[in-house]
Amino acid sequence: MPHRHVPQQRRSQERVERIVDAAAELVADRGVAAASTRAVAERVGVSVGSLYRFFADADDVLRAVAARHVDRLAPPLAAAAAGGAHRTW
C-alpha cells in the first residue's frame with residue numbers, strides 16, 4: 001500500500017498500522033462516511049497533520065484498509081481454490 005511518506009522507523013510503521021486499524025474500526029462501527037481524516041486521527045490519538053504525512057486524504061486511508069484486507073484474504077482463498085475446497089454457505 002503506497003503512502004505519501006513511506007515510514008522507515010518502526011515507530012512510524014506502527015503509527016501507520018494504528019491509523020489503518022482505526023479507519024477499519026470506524027468503518028465497521030459506523031460506516032464508510034464516518035471514517036473522515038479527523039475522526040480517524042482522533043481515534044488514534046494523533047494530529048490530523050500526522051495522518052496527512054502518510055496519507056493524502058480519507059480515501060487514501062480507506063484504500064489502505066481495503067488493500068490490507070485483500071492481502072490477508074488472498075492466501076487462504078488461494079489455498080482453498082487450489083485444494084478444490086468448496087463451501088456451501
Side-chain angles (χ1 to χ4, degrees):
M1 75 188 111
H3 303 294
R4 288 182 106 176
H5 169 78
V6 177
Q8 300 297 314
Q9 296 181 341
R10 183 172 30 160
R11 183 180 64 214
S12 294
Q13 292 166 352
E14 290 169 353
R15 180 177 297 148
V16 167
E17 284 301 311
R18 288 194 321 271
I19 290 168
V20 175
D21 288 343
E25 291 168 5
L26 281 167
V27 169
D29 294 348
R30 300 188 353 221
V32 173
S36 67
T37 54
R38 184 174 307 280
V40 172
E42 285 176 4
R43 183 165 274 206
V44 177
V46 300
S47 69
V48 175
S50 182
L51 186 146
Y52 280 124
R53 177 180 174 123
F54 300 105
F55 298 96
D57 54 25
D59 288 340
D60 200 21
V61 177
L62 292 173
R63 279 189 288 276
V65 170
R68 184 171 69 181
H69 285 296
V70 168
D71 290 346
R72 289 181 179 174
L73 286 174
L77 290 175
H86 298 284
R87 294 184 183 250
T88 55
W89 302 92

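- Counting all heavy atoms, side chain and backbone alike, Val61 lies closest to Ala23 at CG1-CB, 3.4 Å.
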(request) Please lay out, stage by stage, how Val16 and Phe55 fare under the test side-chain contact (heavy atoms from CB on, under 4.5 Å). (result) CA-CA 9 Å; Val16 167; Phe55 298 96; 3.8 Å; yes
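- Taking all atoms of both residues into account, the shortest heavy-atom contact from Tyr52 to Thr37 is OH-OG1, 3.2 Å.
- Residue pairs satisfying the salt bridge (Lys or Arg N to Asp or Glu O under 4.0 Å) criterion with at least one member in residues 35-48, sequence neighbours excluded, are listed as follows: Glu25-Arg43, Asp29-Arg43.
- Screening Arg68, Arg63, His69 against Val65 for a side chain to side chain contact (heavy atoms under 4.5 Å, CB included) leaves a single residue, His69.
- Of all heavy-atom pairs between Leu51 and Ala41, the closest is CD1-N, 4.0 Å.
- The structure places OG of Ser36 at 11.5 Å from CG of Asp57, a figure rounded to the nearest 0.5 Å.
- The side-chain contact (heavy atoms from CB on, under 4.5 Å) check on Arg10 picks up Gln13, Glu14, with sequence neighbours excluded.
- Between Val27 and Ala35, the closest heavy-atom pair is CG2-CB, 4.0 Å.
- Ile19 and Leu62 fall into different hydrophobic clusters, where Ile, Leu, Val, Met, Phe, Trp and Tyr residues are linked whenever their side-chain heavy atoms come under 4.5 Å apart, directly or through other members.
- Atom CG of Leu26 and atom CG of Asp21 lie 11.0 Å apart (nearest 0.5 Å).
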